[in-house]
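All values below were derived from every heavy atom in this structure, side-chain atoms included, with hydrogens, water molecules and symmetry-related copies excluded.
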Amino acid sequence: MAQQKHDETLDIREGSKLTGFFVGLLVGVGILIPLISAIGFATNPYTQYLFSGRLADISQGGYRLFWWLVAAILFALPFVVGYAVDRLNKRGLAIVGGILIVVVIIALVIGTIFVF
């Protein structure tokens, strides 16, 4: 009985809300500076001149919309990652990680097309 109770308290992966919370917190700390930068780019109209290429050539409304979308995605990322870690099993986490890698690759390709 005591051994079974001890095993249950050490197993934080199975159904523990703290695991998802801490992973979401770590991701939130990691994206804090890019989130603040995206909000800064969205709110200051003069930052459009910092970028050369197509991002500088689009309208001011399109530029602001782009950075607000980036900020919204960055803001939602810690919550999505924390929920995924809390709810999914190993196979589900591998699928979500693969999708995240594909999204990052697509964002890099689109960024190189439009910025450079």
With [X] via side-chain contact (heavy atoms from CB on, under 4.5 Å) - residues at least two apart:
{"X": "Ala42", "answer": "Trp67, Trp68"}
{"X": "Ile101", "answer": "Ile105"}
{"X": "Ile99", "answer": "Ile95, Val103"}

Assess the residue pair Thr19 and Asp86 against the criterion (side-chain contact (heavy atoms from CB on, under 4.5 Å)); give the C-alpha distance rounded to whole Å, side-chain angles, the decisive distance to 0.1 Å, and a yes or no. CA-CA 6 Å; Thr19 306; Asp86 184 42; 5.9 Å; no

_Test applied, side chain to side chain contact (heavy atoms under 4.5 Å, CB included); reference residue, Ile31; option that passes from Leu74, Leu26, Ile73_ =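 In the set Leu74, Leu26, Ile73, the residue that makes a side chain to side chain contact (heavy atoms under 4.5 Å, CB included) with Ile31 is Leu74.
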
Under the rule for side chain to side chain donor-acceptor pair (under 3.5 Å), what residues qualify as partners of Thr43, not counting sequence neighbours?
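Result, side chain to side chain donor-acceptor pair (under 3.5 Å) vs Thr43: none returned.
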
Is it possible for you to say whether [X] and [Y] belong to one hydrophobic cluster, with membership spreading through side-chain heavy-atom contacts below 4.5 Å?
{"X": "Leu35", "Y": "Leu65", "answer": "no"}
{"X": "Leu77", "Y": "Val29", "answer": "no"}
{"X": "Phe75", "Y": "Val85", "answer": "yes"}

ask   = With sequence neighbours left out, what residues match Tyr83 under ring pair (Phe, Tyr, Trp, His ring centres under 6.0 Å)?
value =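 Partners of Tyr83 under the ring pair (Phe, Tyr, Trp, His ring centres under 6.0 Å) test: none.
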
So, using ring pair (Phe, Tyr, Trp, His ring centres under 6.0 Å) as the criterion, who are the partners of Phe22 when residues are at least two apart?
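Applying ring pair (Phe, Tyr, Trp, His ring centres under 6.0 Å) to Phe22 gives none.
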
For residues Thr47 and Asn44, determine if any side-chain heavy atom of one lies less than 4.5 Å from a side-chain heavy atom of the other.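 Thr47 reaches Asn44 side chain to side chain.
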
### Message
Nearest 0.5 Å, please: how far is OH in Tyr63 from CZ in Phe41?
### Response
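Result: 5.5 Å between the selected atoms.
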
